[in-house]
A.B. asks: 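Structure incoming, see below.
Just so you know, these numbers come straight off a predicted model, no measurement behind them.
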Amino acid sequence: MAHWLIKSEPDAFSIDDLKRNKTEIWDGIRSYQARNYLMSAAVGDTAFFYHSNAKPPGIVGLAKFVATNVVDPTQFDPTSKYYDATSKQDAPRWITVKVKFVEKFRNEIPLDTLKATFSGDDLMVVRKGMRLSVTPVEESIAAQLLEMARAQ
DNA sequence: GCCAACGTTGGC
DNA sequence: GCCAACGTTGGC
């Protein structure tokens, strides 16, 4: 089972929104690199939920992938800002996952703590200029993050 | 609100 | 196929 970090702006979709909705199709991914990561994900993989453009930015909770190879419906919706007129119904370009709420952490892990604890090699999100919204997290790093997030 | 970093677009 | 221009992301 693999671990991931997924970014969202809380103004657009927050951990509390996921908690309320229970599950959500992770739509709007329009980066091939991020899409390719999601296409390599498996049901049961866990994802650290990261708030970007937040005060402070940081990891706020945990989610789980409950479906993979999900066709992002917004690519075929002309009213969506993620509409992609060049994507074909019989060969959808944007494939994503469905995520399920697991927990909201007792302790949010702010970005400055992440930077103080991990190198860019350990955790991609702390790299300067990192814009990718889906990144892999190694098992040992995931274990450390969970410990930090759940500490009393 | 600023701006560095990065991806994409389009002229050539 | 190069690369300048442009748009977006996202920390600060």
A.B. asks: How long is the gap from CG on A:Leu114 to CG on A:Asp122, to the nearest 0.5 Å?
C.D. replies: 11.0 Å
A.B. asks: Would you kindly say whether A:Glu24 and A:Asn21 are connected by a side-chain donor-acceptor distance under 3.5 Å?
C.D. replies: yes
A.B. asks: Go through the side-chain N and O atoms of A:Thr74 and A:Arg30 and say whether any donor and acceptor fall under 3.5 Å apart.
C.D. replies: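 Per modelled atom types, A:Thr74 and A:Arg30 side chains form a pair under 3.5 Å.
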A.B. asks: Are any protein N/O atoms closer than 3.5 Å to N/O atoms in nucleotides 10-12 of chain C? If there are, list each pair with its distance.
C.D. replies:
residue : atom : partner  : partner atom : Å
C:dG10  : OP1  : A:Lys7   : NZ           : 2.8
C:dG10  : OP1  : A:Arg131 : O            : 2.8
C:dG11  : OP1  : A:Tyr50  : OH           : 2.8
C:dG11  : OP2  : A:Asn53  : N            : 2.9
C:dG11  : N7   : A:Asn53  : OD1          : 3.4
C:dC12  : OP1  : A:Lys115 : NZ           : 2.7

A.B. asks: What is the distance from CZ of A:Arg93 to C1' of B:dT8, rounded to the nearest Å?
C.D. replies: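 Rounding to the nearest Å, CZ of A:Arg93 and C1' of B:dT8 are 13 Å apart.
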A.B. asks: On DNA chain B, check which nucleotide each of A:Arg30 and A:Lys128 is closest to and give me the residue with the more 5' one.
C.D. replies: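 That would be A:Lys128.
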A.B. asks: Can you classify the ring geometry of A:Trp26 versus A:Phe49 as parallel (below 30°), tilted (30 to 60°) or perpendicular (above 60°)?
C.D. replies: perpendicular
A.B. asks: Please determine, by modelled atom types, if A:Ser87 and A:Gln75 share a side-chain donor-acceptor pair under 3.5 angstrom.
C.D. replies: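 A pair is found: one side chain offers a donor N or O, the other an acceptor, under 3.5 Å apart.
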A.B. asks: State whether a side-chain donor-acceptor pair under 3.5 Å links A:Asp121 with A:Ser119.
C.D. replies: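 No.
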A.B. asks: Between C1' on C:dT9 and OH on A:Tyr82, what's the gap in Å once rounded to a whole number?
C.D. replies: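 One finds 12 Å between C1' of C:dT9 and OH of A:Tyr82, rounded.
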A.B. asks: Between C1' on C:dT9 and NZ on A:Lys81, what's the gap in Å once rounded to a whole number?
C.D. replies: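 Nearest whole value for this atom pair: 12 Å.
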